**Q** 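I have a structure I would like to understand better, so I am pasting it below and will then ask my questions one at a time.
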Amino acid sequence: MKKEILQLLRQNPQPISGEKLSSVLEVSRVTIWKHIKGLIAHRYDIAATAKGYRLVSEPDTPFAWEDPERCERIHHFDSVESTMEVARELARKDCQHLTIVVADQQREGRGRMRRIWHSDQGGLYFTIVLRLPMPPQYIGRINFYASSVLAETLRENYGVKADVKWPNDILVDGKKLCGMLSELEAEGDLVTFLNIGIGINVNNDPCPLEPRAISLKSLLHRPVIRKELLIAFLDRFEKNLELAMSEAVIERWKTYNATLGNSVTVVTHNETIKGNAVDVDLDGALLVELKDGTIKKMIYGDCFH
Ligand code: BTN
């Protein structure tokens with residue numbers, strides 16, 4: 001109902017009466033008023049005049065009703081500890097494939113390698129639950145698929161030259177715009193669910209402790225409507241998902257990559273290696289040529305160019 005009321009208000013710059021809304025939507029005026037009140041409580045500025053209701057402005061919040069196609073699968077929260085936790089709970093309760101958990105703020109946002117992901121208001125923080133029965137070796141490809149799709153969305157919809165740093169950071173001019181984290185549970189040889197968490201600095205000021213981070217707002221010199229960015233990404237992500245496990249994903253990732261050809265330092269929990277990033281293999285591992293010419297295969301880690 002909220003989605004339909006909003007649609008009518010957006011189509012009509014002039015006030016539209018409660019009577020008209022109730023006859024078009026075939027519900028009582030009390031029901032209309034209840035939903036209008038709900039929208040106002042969610043920060044939609046709706047003027048209630050003698051002539052009817054008029055939408056003055058609306059928040060950029062990715063409420064479920066803002067994406068009619070995915071309405072049933074989107075779980076929006078004002079604030080959560082981490083969308084990863086909520087998504088894991090839902091996945092364990094058999095939520096549907098491509099469930100999306102999105103929050104305006106995370107109190108305990110998590111980054112890779114047990115880091116904190118500062119998640120203030122203005123950023124876009126979400127986790128997608130994937131239920132693709134697959135052997136765990138395909139996980140790298142799916143993550144590469146997600147980061148390539150995000151780079152593509154940022155380039156094509158927002159005109160920013162987004163590159164991917166191994167494994168899945170999105171950089172613009174060497175500064176971090178987005179990070180990705182994935183978690184999975186498996187049973188036997190097959191993955192039961194894979195959750196991909198994505199954090200994008202959109203209208204938030206990245207944490208001052210991260211001087212090499214940047215926001216979309218500062219790149220574009222204007223605020224960005226987060227609900228539009230989320231939908232643009234999901235449209236692309238879901239459209240070609242059947243390709244996500246194919247070898248072609250790696251080639252696609254390489255076209256956006258900022259890592260290969262660089263001299264890199266890769267830090268894992270138990271080692272630090274330095275060398276030249278020469279390639280990624282079909283599982284997404286980074287191949288680093290060491291000083292003595294040997295090739296070291298890195299399956300995870302933080303990569304510094
Ligand atoms: C990284 O670069 O270290 C990965 C950052 C991933 C952050 C996202 S925000 C949405 C999801 N929820 C979290 O707690 N983390 C991921």
Side-chain angles (χ1 to χ4, degrees), residues 61-62 74-91 95 98-130 139-140 142-151 153-154 162-172 174-184 193-207 209-216 224 226-227 229-230 233-234 237 253 256-259 266-269 284 286 298-305:
T61 314
I74 295 188
H75 300 254
H76 169 267
F77 297 87
D78 292 338
S79 173
V80 288
E81 276 188 14
S82 159
T83 56
M84 300 307 283
E85 307 304 321
V86 181
R88 189 199 295 142
E89 287 309 306
L90 290 172
C95 67
L98 294 173
T99 289
I100 297 125
V101 178
V102 55
D104 293 335
Q105 208 177 8
Q106 297 185 114
R107 299 184 296 277
E108 286 182 32
R110 294 199 269 114
R112 292 173 57 247
M113 314 272 284
R114 298 196 193 129
R115 275 189 301 258
I116 294 173
W117 181 263
H118 296 278
S119 310
D120 294 340
Q121 292 274 1
L124 182 57
Y125 314 109
F126 63 101
T127 300
I128 310 175
V129 179
L130 296 172
I139 301 301
I142 297 182
N143 286 325
F144 273 40
Y145 171 74
S147 53
S148 311
V149 171
L150 189 50
T153 309
L154 291 164
D163 297 321
V164 193
K165 178 170 80 93
W166 185 88
N168 297 116
D169 286 352
I170 303 281
L171 308 184
V172 178
K175 294 193 169 177
K176 185 157 166 171
L177 182 62
C178 322
M180 267 181 53
L181 173 72
S182 65
E183 290 178 353
L184 65 89
F193 62 81
L194 166 67
N195 291 349
I196 300 184
I198 299 182
I200 311 177
N201 295 319
V202 184
N203 300 318
N204 57 309
D205 295 321
C207 172
L209 297 173
E210 314 252 5
R212 296 199 59 78
I214 196 154
S215 71
L216 206 44
V224 167
R226 290 173 307 141
K227 58 191 176 192
L229 171 56
L230 178 64
F233 168 77
L234 293 173
F237 183 83
W253 180 92
Y256 301 118
N257 104 86
T259 297
V266 184
V267 182
T268 70
H269 285 115
L286 183 66
M298 304 304 292
I299 55 170
Y300 81 99
D302 267 341
C303 178
F304 300 94
H305 291 175

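In this chain, numbering begins with 1 at the start of the sequence shown. In listed order, ligands and their atoms are each counted from 1. Computed from a predicted structure; not experimentally measured.
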**Q** Roughly how far apart are D78 CG and Q121 CD, rounded to 0.5 Å?
**A** 8.0 Å
**Q** Among M180, R112, K176, which residue places a heavy atom closest to atom 2 (O) of ligand 1?
**A**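 The residue whose heavy atom sits nearest atom 2 (O) of ligand 1 is K176.
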**Q** Looking at side-chain heavy atoms only, is the closest gap between L98 and L130 below 4.5 Å?
**A** yes
**Q** Among E81, M113, Q106, whose heavy atom sits nearest atom 9 (S) of ligand 1?
**A**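 Heavy atom nearest to atom 9 (S) of ligand 1 belongs to Q106.
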**Q** A quick test of your reading: do over 12 heavy atoms of other residues, nucleotides or ligands sit less than 6.0 Å from CZ of R107?
**A** yes
**Q** Under 4.0 Å between a Lys/Arg side-chain N and an Asp/Glu carboxylate O for D169 and R212?
**A** no
**Q** Would you say W117 and ligand 1 have an N/O pair spaced under 3.5 Å apart?
**A** no
**Q** Looking only at distance, does R110 have an N or O less than 3.5 Å from an N or O of ligand 1?
**A**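 Such a contact does occur with ligand 1.
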**Q** Indicate the atoms forming the closest heavy-atom contact of M180 with I196, along with that distance.
**A**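 Looking at all heavy atoms of both residues, the closest pair is CE-CG2, 3.7 Å.
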**Q** Check ligand 1 against S82 and write out every atom of the ligand that is under 4.0 Å from a heavy-atom position of the residue.
**A**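 Every atom of ligand 1 under 4.0 Å from some heavy atom of S82: 12 (N), 13 (C), 14 (O).
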**Q** Note the single closest protein heavy atom to atom 11 (C) of ligand 1, along with its residue, its atom name and the distance in Å.
**A**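 Heavy-atom neighbour on the protein nearest atom 11 (C) of ligand 1: T83 OG1, 3.2 Å.
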**Q** Between K176 and K165, is any pair of side-chain heavy atoms under 4.5 Å apart?
**A**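 No, side chains not in contact.
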**Q** Less than 4.5 Å apart, side chain to side chain, heavy atoms only: is that true for R226 and D104?
**A** yes
**Q** Determine whether the side chain, the backbone, both or neither of D169 has a heavy atom under 4.0 Å from any heavy atom of ligand 1.
**A** side chain
**Q** Which atoms of ligand 1 have any heavy atom of G109 under 4.0 Å away?
**A** 14 (O)
**Q** Is it the case that the side chain of N168 and the backbone of L181 share a donor-acceptor pair, with hydrogens and angles ignored and the cut-off at 3.5 Å?
**A**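 A pair under 3.5 Å: no.
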**Q** Would you say E108 has any N or O atom under 3.5 Å from an N or O of ligand 1, going by distance alone?
**A** no
**Q** Provide the number and element of each atom of ligand 1 under 4.0 Å from a heavy atom of G111.
**A** 1 (C), 3 (O), 4 (C), 5 (C)
**Q** Number the atoms of ligand 1 from 1 as they appear, then name those within less than 4.0 Å of a heavy atom of F126, with their elements.
**A**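 Heavy-atom distances to F126 below 4.0 Å select 10 (C).
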